[in-house]
Number of protein chains: 2
Amino acid sequence: MGVKSFVEVHPDSHFPIENLPYGVFKPEPGSEPRPGVAIGEYVLDLSVISSAGLFDGPVLKGSDCFHQPNLNKFLEMGRPAWKEARTTTQKLLSLTEPALCNNASLRQKALVPMDKVQMLLPIAIGDYTDFFSSMHHAKNCGTIFRGPENPIPPNWFHLPIAYHGRASSIVISGTDIVRPRGQGYPSGSSAPYFGPSRKLDFELEMAAVVGPGNELGKPVDVNEAADHIFGLVLMNDWSARDIQAWEYVPLGPFLGKSFGTTVSPWIVTLDALEPFICDAPKQVPPPLPYLAEKISKNYDISLEVRIKPAGQEHSFVVTRSNFNHLYWTLTQQLAHHTVNGCNLRPGDLLGTGTISGPEPESYGCLLELTWNGEKQLPLAETSRKFLEDGDEVIISGYSKGEGYKVGFGTCAGKILPSLP
Amino acid sequence: MGVKSFVEVHPDSHFPIENLPYGVFKPEPGSEPRPGVAIGEYVLDLSVISSAGLFDGPVLKGSDCFHQPNLNKFLEMGRPAWKEARTTTQKLLSLTEPALCNNASLRQKALVPMDKVQMLLPIAIGDYTDFFSSMHHAKNCGTIFRGPENPIPPNWFHLPIAYHGRASSIVISGTDIVRPRGQGYPSGSSAPYFGPSRKLDFELEMAAVVGPGNELGKPVDVNEAADHIFGLVLMNDWSARDIQAWEYVPLGPFLGKSFGTTVSPWIVTLDALEPFICDAPKQVPPPLPYLAEKISKNYDISLEVRIKPAGQEHSFVVTRSNFNHLYWTLTQQLAHHTVNGCNLRPGDLLGTGTISGPEPESYGCLLELTWNGEKQLPLAETSRKFLEDGDEVIISGYSKGEGYKVGFGTCAGKILPSLP
């Protein structure tokens, strides 16, 4: 792109002018939540920019979409609004445009140091769906839970499998997670036990944020699905493997997942990710016509999970993966979701499922990394089979451009002990 | 109770003064949605009663909970508000209280003929959960899908199994349902097909409406769970059996359900259902302590499903069941849902799952009634294996008191043909 910002941005920053992800924040504890865009170590307050009359394009002029406590109204406006907002903010933040750069009092009001703000959930999430789109993850889980013969269920290669998740317990990065209690059933025992989960896990995921929805009964064509996706966040779909293993037959995961799901605060737009588009994997057998795309896109996004063990100062990388390991694309997921007429609404969240790569070092959860606790995962002087109280899990991710990164920041959460 | 209303109510009406269920309606097409209470063939407009200052008890005085487009604010206020509203409306509608009865202009404004109003979804539903609490249904489905040996999964007797459902596609009674398209996989075939569902079904259910929620990480004790339940509605959890059978392993039902779920417009309160409490079934093995209730309550609610076939004038009863066939109680469902720390919010919906009784005439869906299409269900001069385009399914239910009924009205929906 080559545009430079008057805001100084370190080359390692996740938030250069090429990115401009959207979030919702409070500049001070007592203030109202409002949308913002990240730039270097600052947040650009969009409510201030809007009040100053600087969103003067044909779509956004006069709109109150940046005077809302969440991004839903902006999401609903669709790609024309998103394009215009991106063009306007990039221009305002550039070195060559004086409107913000040369207006000291406006700059003072509009650019808030990131370390001073409180980030909030950027969207009101109506429904949250979680897919199961990494073949490596599906294969490893199938082998662990059902044995090495035909570990991947026969439907997996024909449709992007998914389940409805719990929207109420989605929290913003930095929120502590209380270890869930529940029933488990160790193999060989005659009765289930009840207590704090003994197999608490993270899941390295990303999630798509839905823009304009669709009417009930009116599916979205797979080749138009991209216009319904605003952007992506990092997601940790915390999982209690003992609770999940006992409860999931025949209706799927429930309490093993619904105690908490953490998302990162910044939504990186598909527009910002465009330079990092790569080919999606070849699908064999070919998908049914309603899932066959003219162009099938994946994204090259490096992902990493670190654990900061209780009482330690440092965190340790436990896995490195990449978004491009996914078999089903975001647009196939969205088209499949609506093909039965199901309606999506602005702000709905579509998780990818755990993003595991082919190598053991790229597995996206402890279930796979320790093979359901059969082996220890070393963390410097300690080790883990599953998460312990006090452990903090930190997911990060970025795409690498020439001399810059388009990053997602982090998605972090710490485990608190269970209730007595 | 013995209170009589000045509004004339037929002994067969579902809405005598003993009931007083809550809904949300528009008196005229252009008007704002507002809460109301059903009485005979009228709706009492609670916004009018509130504006007239007649909610003058300590909890509701000055509240704007009846000037909202849904009941969520009233639900959040909890049982003290619900008790006070019930006492106040019963008094106002009684023969002996002049405030409404003798004020002709207020009566004219506040009592709207039911056949003139448009009923709306009474709640904004954050999350919808569907349980699987009828043993007969679990056994029949297990036998059909997995064979007669151990049809009920081993976890079933230890926990109320459930899955997260889709909130966005919940619609009010009277909304047409478009036949979903999707993938199916007939046994013996080598590839899945795509098209309109060939096995469209209804499911006879009821659903609890959550009142005050709980904080994330703070479970609700089973003996306090009743204070979190406002009341019940009828529910039809439409199901596409071919889509469901192909997609549900390993993450549970998804597109086979998410194309539509119909609820009845009137929420009957637990207070109104109190005279119809009956013993819950004895649970063997005894539930774990967190599910063991001091008093385990069920409700005697007669349920009936009729089908009005396409092009016919009459509807035919296809099954008769009763709420008291459920094995897991509403309060056990709610306590289990939160035991892992999952937070419920006012207006959340907890479906019971299909309510099948022990006899074939009391099975709650066509899957069971026709044994997955193995036999025809006769409907006068025609018959059904599954639903056909144009079929209307009508669920109704009531509890029978001495000389009156506490009823739910109907929950109806008609099948429209699939998209081309």
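Throughout, a chain's letter reflects where its sequence line sits, starting with A, and its residues are numbered from 1.
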Quiz item: Among A:Val171, A:Ile177, A:Val178, A:Leu288, which has the most heavy-atom pairs under 4.5 Å with chain B?
Solution: A:Leu288
Quiz item: When heavy-atom pairs shorter than 4.5 Å are enumerated against chain B, which of A:Pro219, A:Gly213, A:Gly165, A:Pro180 gives the highest number?
Solution: A:Gly165
Self-check item: Part of B:Leu159 within contact of chain A (heavy atom distance under 4.5 Å)
Solution: both
Quiz prompt | Most contacts with chain A, counted as non-hydrogen pairs under 4.5 angstrom, among B:Tyr185, B:Tyr128, B:Tyr193, B:Phe132 | solution = B:Phe132
Quiz prompt | Contact winner vs chain B - A:Gly217, A:Ala162, A:Ala124, heavy-atom pairs under 4.5 Å | solution = A:Ala162
Self-check item: Smallest separation among heavy atoms of A:His164 and B:Ser258, with atom names
Solution: CE1-CB, 3.7 Å
Quiz item: Can you pull out the residues in residues 332-346 of chain B with any heavy atom less than 4.5 Å from chain A?
Solution: B:His336, B:His337, B:Val339, B:Asn340, B:Cys342, B:Asn343, B:Leu344, B:Arg345
Quiz item: Between B:Pro192, B:Ala191, B:Pro289, which has the largest tally of heavy atom pairs under 4.5 Å with chain A?
Solution: B:Pro192
Exercise. May I ask you to list the residues in residues 245-252 of chain B that approach chain A closer than 4.5 angstrom, counting heavy atoms only, ordered by number?
Key: B:Trp246, B:Glu247, B:Tyr248, B:Val249, B:Pro250, B:Leu251, B:Gly252
Exercise. State, with a plain yes or no, whether a side-chain heavy atom of A:Gln183 is found less than 4.5 Å away from one of B:Tyr290.
Key: yes
Practice problem: With a 4.5 Å cut-off on heavy-atom pairs, point out which of A:Ser197, A:Ala240, A:Pro285, A:Pro253 contacts chain B the most. | Solution: A:Pro253
Quiz prompt | Heavy-atom side-chain proximity of B:Arg166 to A:Thr129 below 4.5 angstrom | solution = yes
Quiz item: Is the shortest heavy-atom distance from the side chain of B:Tyr163 to the side chain of A:Phe254 under 4.5 Å?
Solution: no
Practice problem: Step through the shown structure and confirm whether more than 12 heavy atoms of other residues, nucleotides or ligands are within 6.0 Å of CD on B:Glu76. | Solution: no
Quiz item: Given a strict heavy-atom distance threshold of 4.5 Å, which part of B:Asp348 is in contact with chain A: side chain, backbone, both, or neither?
Solution: side chain
Quiz item: For B:Leu216, is it the side chain, the backbone, both or neither that has a heavy atom under 4.5 Å from a heavy atom of chain A?
Solution: side chain
Quiz prompt | A:Leu255, part contacting chain B, at a heavy-atom distance under 4.5 Å | solution = both
Quiz prompt | Contact listing (chain A partner; residues 412-420 of chain B; heavy atom under 4.5 Å) | solution = B:Leu419
Quiz prompt | Members of residues 136-154 of chain B whose heavy atoms come closer than 4.5 Å to chain A | solution = B:Arg146, B:Pro153, B:Pro154
